[in-house]
**Q** 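Mind looking over this structure? Questions follow.
Just so we're clear, the structure is a prediction, and the values are computed from it rather than from any experiment. Each ligand, and each atom within it, is numbered from 1 in the order the structure gives.
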Amino acid sequence: ESLDATGLHVLPGAIDVHVHFREPGYTHKEDWETGTAAAAMGGTTTVFEMPNTHPPTRSIVELRQKQDAAKKAYVDYGIYGLLAEDNIAELPGLIKGGVNAFKCFMGNTFGNLPSPSTGAMLEGFEIIAPTGLRISLHAETASIMAWRQKRLMEAGRNDPLAHVAARPAVVAAEAVARAAILAEWTGARLHVLHISSGLELGPLRDAKARGVDITGGTCPCYLLLDTRDYATLGSVIRVNPPVREASDSEAIWAALKDGTVDLVETDHAPHTPEEKTKAVIWEADCGFPGVETQMPLMLNEVARGRMSVEDYVRWSAENPAKRFGLWPVKGRIAAGAHADIAVVDLARTETIRAAALHSRAKVTPFEGKDVTGIPVHTLVRGRFVQKDRTLVTEARGHGQQVTDVQRMPASAVRNADKTLAAEIARARA
Ligand code: DOR
Ligand code: ZN
Ligand code: ZN
């Protein structure tokens with residue numbers, strides 16, 4: 001197939017290390033076919049999918065179930081295994097079974113998975129560290145938020161901004177600092193998901209300066225929305241962690257530019273319009289789809305002069321590939337790399353319409369926004385999955401699980417408690 005790319009730009013396809021595709025268990029919200037179709041339409045060629053499905057990806061049994069569901073994928077994918085209070089014994093099985101990373105829900109969110117105690121986290125980090133697989137954190141501390149939400153509800157607060165009050169930035173910053181100390185001890189590699197505040201940047205910077213292998217990601221909503229949008233968007237904007245002050249967005253932009261925040265991810269969190277639109281904020285599901293709108297929203301910031309195309313490629317493809325072990329095979333355009341490509345028209349303007357999204361969740365906080373910079377073709381390993389703004393339906397099932405995730409040699413692990421690790425290994429043998 002030939003392609004006339006006159007006037008177009010050829011970028012590495014985006015690598016989104018944070019999507020929720022809901023299958024198995026919640027397929028009325030999304031499934032692997034609709035989620036990866038949305039990715040293909042959005043110029044995203046690799047996704048890492050989260051474990052808060054039903055059942056959650058807590059052992060090799062559920063991993064195999066998820067791999068089976070993922071056979072429908074249009075784009076390549078990694079699969080997260082869960083690190084929780086009650087599945088520490090399953091971690092070796094998940095590792096052997098081929099998970100690409102782990103997810104630790106320090107804060108409660110959709111799926112209501114119980115947050116692990118610090119003890120379980122430490123033990124989990126010790127088990128995972130020698131593999132070099134990265135552990136992505138939902139860095140908010142559940143016990144603190146439970147107190148605050150209870151008090152707000154007692155005070156009769158049920159408006160959208162009460163959600164921000166229930167989950168203040170200090171909750172996220174405290175979780176980042178605590179997890180970073182555990183990583184410093186064990187040598188585990190961490191990724192702080194969805195950075196939403198300026199306050200998280202301090203502990204993240206400090207940990208990096210101490211030599212902890214810790215990275216950070218943020219999402220378009222934290223860069224482009226702020227508390228002024230709650231009045232117009234209502235419960236649709238509800239997301240964990242919450243969208244905060246304009247000063248937080250400013251701080252996150254600066255942190256992307258100086259490298260403290262490494263990458264842009266979407267937290268693609270599909271819920272139906274009915275589940276999102278509630279009079280009482282506490283009843284609205286958290287999150288919204290993002291994998292199809294990320295590239296247009298960010299390229300629109302290029303068009304507005306807020307960042308360069310080179311910045312974008314570093315945050316959307318190069319850094320995700322490097323930090324999650326896919327480099328040099330993915331995340332760049334070069335000999336020897338996979339032909340994972342987004343061909344973009346930097347001058348084309350479209351209006352974001354929820355009804356036109358390929359996600360099953362037809363709702364977005366960016367409804368009606370004009371964006372300039374559109375992926376017009378997407379190729380995964382050399383094959384078109386989107387052509388001329390149309391999904392290539394024959395490419396369903398072309399997606400494969402990424403197998404190139406780097407494993408760090410065990411010798412790189414620093415302060416793991418060798419005695420305990422040996423005891424644990426013996427007990428599990
Ligand atoms: O708002 C959110 N929604 N935050 C999360 O961390 C999870 C996600 C979901 O799965 O719906
Ligand atoms: Zn999260
Ligand atoms: Zn998420």
Side-chain angles (χ1 to χ4, degrees), residues 16-31 35 38-39 47-57 66 78-84 101-116 134-142 145 149 160 163-164 166-167 169 171-172 175-176 179 190-197 200 215-222 225 230 233 235-244 263-276 278 281-291 294 320 359-361 363-365:
D16 188 343
V17 300
H18 188 173
V19 303
H20 301 263
F21 283 166
R22 307 301 191 204
E23 184 179 6
Y26 307 107
T27 52
H28 69 287
K29 296 174 189 277
E30 195 76 292
D31 65 28
V47 293
F48 277 49
E49 204 270 341
M50 288 293 172
N52 59 334
T53 41
H54 189 73
T57 319
K66 188 157 278 190
I79 296 179
Y80 275 101
L82 184 69
L83 161 52
F102 281 90
K103 169 73 179 275
C104 175
F105 288 95
M106 298 174 77
N108 59 300
T109 189
F110 178 72
N112 275 324
L113 304 179
S115 300
R134 203 168 282 281
I135 304 166
S136 287
L137 306 169
H138 181 110
E140 289 187 300
T141 297
M145 298 186 294
Q149 184 171 331
H163 177 60
V164 188
R167 307 178 81 114
V171 174
V176 172
L190 294 188
H191 175 67
V192 182
L193 295 161
H194 47 45
I195 289 172
S196 62
S197 68
E200 288 157 274
T215 60
T218 192
C219 314
C221 63
Y222 306 114
L225 303 174
Y230 282 74
L233 292 171
S235 59
V236 168
I237 201 176
R238 189 180 192 209
V239 60
N240 296 330
V243 167
R244 307 182 192 280
L263 58 87
V264 171
E265 58 196 38
T266 67
D267 197 3
H268 178 84
H271 301 285
T272 65
E274 299 71 42
E275 292 164 336
K276 288 296 299 170
K278 302 280 182 185
I281 191 64
W282 314 116
E283 291 171 5
D285 275 348
C286 297
F288 29 78
V291 78
Q294 176 272 121
S359 170
R360 195 160 283 150
V363 58
T364 168

**Q** At a non-hydrogen distance cut-off of under 4.0 Å, which region of D285 contacts ligand 1 (side chain, backbone, both, or neither)?
**A**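 No part of D285 is near ligand 1 at this cut-off.
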**Q** So what's near the Zn ion (ligand 3), protein N, O or S atoms under 2.8 Å?
**A**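 Per the 2.8 Å query on the Zn ion (ligand 3), atoms found are H18 NE2, H20 NE2, D267 OD1.
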**Q** Please work out whether any backbone atom (N, CA, C, O) or any side-chain heavy atom from C-beta onward of M50 is under 4.0 Å from ligand 1, and answer side chain, backbone, both or neither.
**A** neither
**Q** Just heavy atoms, cut-off under 4.0 Å: does E30 contact ligand 1 by side chain, backbone, both, or neither?
**A**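 Under 4.0 Å from ligand 1, E30 contributes no heavy atoms.
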**Q** Check H271 against ligand 1 and report side chain, backbone, both or neither, counting heavy atoms closer than 4.0 Å.
**A**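 Side chain only; the backbone of H271 stays clear of ligand 1.
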**Q** Once side chain to side chain donor-acceptor pair (under 3.5 Å) is applied, do any residues pair with S115, and if so which ones, sequence neighbours excluded?
**A**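 Result, side chain to side chain donor-acceptor pair (under 3.5 Å) vs S115: none returned.
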**Q** Just to confirm my output: which protein heavy-atom neighbour is closest to atom 4 (N) of ligand 1, and how far is it?
**A**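 Result: N240 O, 2.8 Å.
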**Q** Would you check whether F105 has a nitrogen or oxygen atom less than 3.5 angstrom from a nitrogen or oxygen atom of ligand 1?
**A**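 No, F105 has no N/O under 3.5 Å of an N/O on ligand 1.
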**Q** List the closest protein heavy-atom neighbour of atom 5 (C) of ligand 1: residue, atom name, distance to the nearest 0.1 Å.
**A**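 For atom 5 (C) of ligand 1, the nearest protein heavy atom comes out as T109 OG1, 3.1 Å.
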**Q** Does H54 have more than 12 heavy atoms from other residues, nucleotides or ligands lying within 6.0 Å of its NE2?
**A** no
**Q** Purely on distance, is any nitrogen or oxygen of K103 under 3.5 Å from one on ligand 1?
**A**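 No, since none of the N or O atoms of K103 sits under 3.5 Å from an N or O of ligand 1.
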**Q** Does ligand 1 come near enough to C286 that some N or O of the ligand is less than 3.5 Å from an N or O of the residue?
**A** yes
